[in-house]
Amino acid sequence: MDNNHPKLKIHYHSLLGSKSNSIALIIFLFLTVTVILSLFIWSPPYFSIFQTQQIIQCSHSSNSTTGFEMTPKINIEDELELALAKASMGNKTVIIVVINRAYAEQDLKGDTTMLDIFLDSFWLGGEETRKLRDHLLIVAVDQTAYDRCQFLRLNCFRLETDGVDFRGEKLFMSQEFIKMMWRRTLFLLDVLKRGYSFVFTDMDVMWLRNPFERLSKNETEDLQISTDMFFGDPWNKKHLINTGFYYVRSNNKTIALFDKWYSMKDNSTGLKEQDVLLGLIRGGIIDQLGLRVRFLDTKYFSGFCQDSKDFRAVTTVHANCCRSITAKVTDLRTVLKDWKRYKKIMSYKRFANNVNVTQTFKWTGHWGCWSSWKVGNNKTSN
């Protein structure tokens with residue numbers, strides 16, 4: 001193009017006007033180009049960070065329309081850490097329960113589930129148990145159980161195990177049952193290594209009062225574990241333990257205990273994890289690791305093996321010594337009816353402080369569970 005063309009010269013000089021205008025124009029063009037280049041260079045990471053923050057925020061909030069959490073795809077360790085932090089009390093303590101489809105889904109003849117009964121106990125227990133529901137972490141071992149947990153807006157974590165199907169009811173002492181118990185132990189070891197203490201509870205344990213009011217607050221006690229039969233001395237190592245309910249503090253000693261416990265999985269053919277832990281206790285593991293272990297009194301932490309005789313003191317009721325889920329559901333519903341009857345009577349002032357009245361209360365017989373041990377009953381559970 002010919003820059004000496006008259007029309008171009010006129011346009012050029014009119015644009016510049018003067019030498020000072022010329023310098024200003026050059027500076028303006030330089031700044032404009034710099035800004036444009038900066039946008040191209042820096043905008044991708046800026047928007048990437050912004051979008052990442054939005055995704056993280058969504059994972060902690062519920063969709064107002066559906067109520068389901070919008071959770072980003074992150075690795076399993078991060079998902080567990082988020083779940084533990086969400087359910088944790090101020091002292092990094094959580095309540096953990098493991099669930100599969102058999103406990104979360106009604107069968108054709110059922111009108112409730114073990115999960116429903118378990119949650120009902122928190123409601124019927126009173127204000128001191130209702131608030132604990134926020135600290136429950138439901139560990140689902142299959143998708144159906146996880147979906148049910150999400151639907152109920154609970155704190156949920158999906159525990160996956162490659163090549164193992166944990167959906168259905170596991171026959172007591174079957175290979176699937178034993179595998180599920182050991183997978184649970186490995187998971188709890190992971191929780192301890194992350195610095196979280198926990199109360200582990202089976203779903204067939206009714207929480208009628210706040211157990212933290214009965215558990216020792218002495219931080220030198222590492223493990224407090226329920227028993228099938230209580231012999232009167234909380235330090236007696238000969239107790240028959242039950243891993244359906246226990247409180248463990250996270251420290252180097254308990255991590256070493258769970259590590260040793262799980263390491264015996266492949267050398268314990270035919271034994272469930274509870275039997276292996278009992279063998280370790282009888283073999284001196286408590287003294288070897290310097291552990292302080294309290295064995296819990298069935299007066300407070302009751303079960304079908306040995307009922308609490310004191311309605312004023314009972315805190316939890318476990319459907320132990322029972323073989324089938326159907327029997328447990330039947331008898332635990334009766335436990336809750338007994339409890340509602342007791343609370344109703346105690347609501348009347350004239351009975352509230354009457355020791356004679358409270359002593360007359362007895363648990364209804366656990367007929368379903370007792371019958372579950374009859375020969376020919378093939379549907380079994382722990």
Side-chain angles (χ1 to χ4, degrees), residues 59 68-69 71 74-89 92-105 113-119 121-122 132-170 176-205 207 211 225-226 242-248 250 254-255 258 261-262 265 272-274 277 316 318 325 328 381-382:
S59 72
F68 289 101
E69 288 188 352
T71 306
I74 53 181
N75 62 60
I76 196 73
E77 288 78 15
D78 288 341
E79 286 183 357
L80 177 55
E81 190 63 41
L82 286 172
L84 289 168
K86 184 179 178 182
S88 175
M89 302 174 193
K92 291 194 73 174
T93 299
V94 294
I95 303 166
I96 296 177
V97 61
V98 176
I99 182 175
N100 69 350
R101 186 179 70 181
Y103 277 12
E105 192 175 58
T113 67
M114 187 70 79
L115 174 59
D116 295 328
I117 294 173
F118 176 70
L119 296 175
S121 75
F122 282 80
L132 294 177
R133 176 173 160 149
D134 294 335
H135 302 296
L136 270 174
L137 178 60
I138 310 293
V139 180
V141 296
D142 60 68
Q143 192 61 42
T144 300
Y146 182 75
D147 291 342
R148 177 65 174 164
C149 178
Q150 291 280 78
F151 179 76
L152 293 172
R153 298 173 180 269
L154 301 168
N155 298 319
C156 313
F157 176 73
R158 174 73 167 91
L159 179 63
E160 297 187 17
T161 304
D162 293 337
V164 181
D165 182 3
F166 288 143
R167 289 177 295 179
E169 180 177 5
K170 301 308 169 193
E176 292 79 10
F177 172 82
I178 292 173
K179 285 180 182 178
M180 188 162 66
M181 295 301 102
W182 281 117
R183 182 64 185 93
R184 183 177 83 180
T185 304
L186 179 61
F187 170 78
L188 296 174
L189 170 60
D190 190 9
V191 173
L192 288 176
K193 287 181 176 179
R194 292 168 180 270
Y196 287 90
S197 303
F198 59 82
V199 168
F200 177 81
T201 175
D202 276 345
M203 192 157 285
D204 58 352
V205 176
W207 287 49
I225 188 165
S226 63
N242 192 301
T243 54
F245 183 94
Y246 58 90
Y247 176 35
V248 57
S250 174
T254 56
I255 291 171
F258 272 68
W261 185 12
Y262 184 74
K265 172 177 68 73
K272 60 182 182 296
E273 88 323 331
Q274 179 176 291
L277 180 58
T316 60
H318 186 192
I325 291 178
K328 290 185 179 196
S381 180
N382 61 321

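Bear in mind the structure is a predicted one, so any value in this text is a computation, not a measurement. Hydrogens, waters and symmetry mates are skipped; everything else that's a heavy atom, side chains included, is used.
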Sub-3.5 Å donor-acceptor pair from the side chain of Ser226 to the main-chain atoms of Asn242, do we have one?
yes
Flag, side chain of Glu273 to backbone of Met181, donor-acceptor distance under 3.5 Å:
no
Is any NZ, NE, NH1 or NH2 atom of the basic residue among Glu105 and Arg148 found under 4.0 Å from an Asp or Glu carboxylate oxygen of the other?
no
Are any of the side-chain heavy atoms of Tyr246 and Leu277 separated by less than 4.5 Å?
no
Just wondering, do Leu84 and Val191 contact through their side chains at under 4.5 Å, heavy atoms?
yes
What pair of heavy atoms forms the shortest contact from Ser121 to Val205, and how long is it?
OG-O, 4.4 Å
Using only atom types and a distance under 3.5 Å, with no angle test, would you say the side chain of Asp204 pairs donor to acceptor with the backbone of His318?
no
Arg183 side, atom CZ; Leu188 side, atom CG - distance, nearest 0.5 Å:
9.5 Å
Please round to the nearest 0.5 Å and tell me the distance separating atom CD of Gln143 and atom CD of Gln150.
9.0 Å
So does Val94 get a backbone contact from the side chain of Ser88, meaning a donor-acceptor N/O pair under 3.5 Å?
no
Quick check: closest heavy atoms across Trp207 and Thr201, and the distance to 0.1 Å?
NE1-OG1, 3.2 Å
Against Met203, only a single residue in Leu115, Leu119, Val98, Thr113 fulfils side-chain contact (heavy atoms from CB on, under 4.5 Å); can you say which?
Leu115
Of all residues at least two apart in sequence or in a different chain, which pass the ring pair (Phe, Tyr, Trp, His ring centres under 6.0 Å) check with Tyr196?
none
Carefully, step by step, assess Tyr103 and Val97 under the rule side chain to side chain contact (heavy atoms under 4.5 Å, CB included).
CA-CA 11 Å; Tyr103 277 12; Val97 61; over 6 Å; no
Are the side chains of Ile95 and Met89 in touch, meaning some heavy atoms are under 4.5 Å apart?
yes
Could you give the distance from CD (Glu81) to CG (Asp190), rounded to the nearest 0.5 Å?
9.5 Å
Validation row: Phe245, Asp202 side chains within 4.5 angstrom (heavy atoms):
no
Which heavy atom in Ile99 sits nearest to a heavy atom in Ala145, and how many Å separate them?
O-CB, 3.9 Å
Any heavy-atom pair between the side chains of Leu137 and Phe198 that's under 4.5 Å?
no
Side chain Ser250, main chain Ser197, donor-acceptor under 3.5 Å
no
Are any non-hydrogen side-chain atoms of Lys272 and Thr243 less than 4.5 angstrom apart?
no
Point-to-point distance, once rounded to the nearest 0.5 Å, from CD of Glu160 to CG of Asp142
10.5 Å
Taking atom CG of Asn100 and atom OG1 of Thr144, what is their separation to the nearest 0.5 Å?
9.5 Å
Does the side chain of Phe122 come within less than 4.5 Å of Leu136's, by heavy atoms?
yes
Taking atom types as modelled and ignoring hydrogens, do the side chains of Trp261 and Thr185 form a donor-acceptor contact shorter than 3.5 angstrom?
no
When rounded to the nearest 0.5 Å, the distance separating CZ of Phe200 from CD1 of Ile96 is 8.0 Å
Ile255 vs Leu189 side-chain heavy atoms within contact, under 4.5 Å
yes
Arg158 side chain vs Val139 backbone, donor-acceptor pair below 3.5 Å:
no
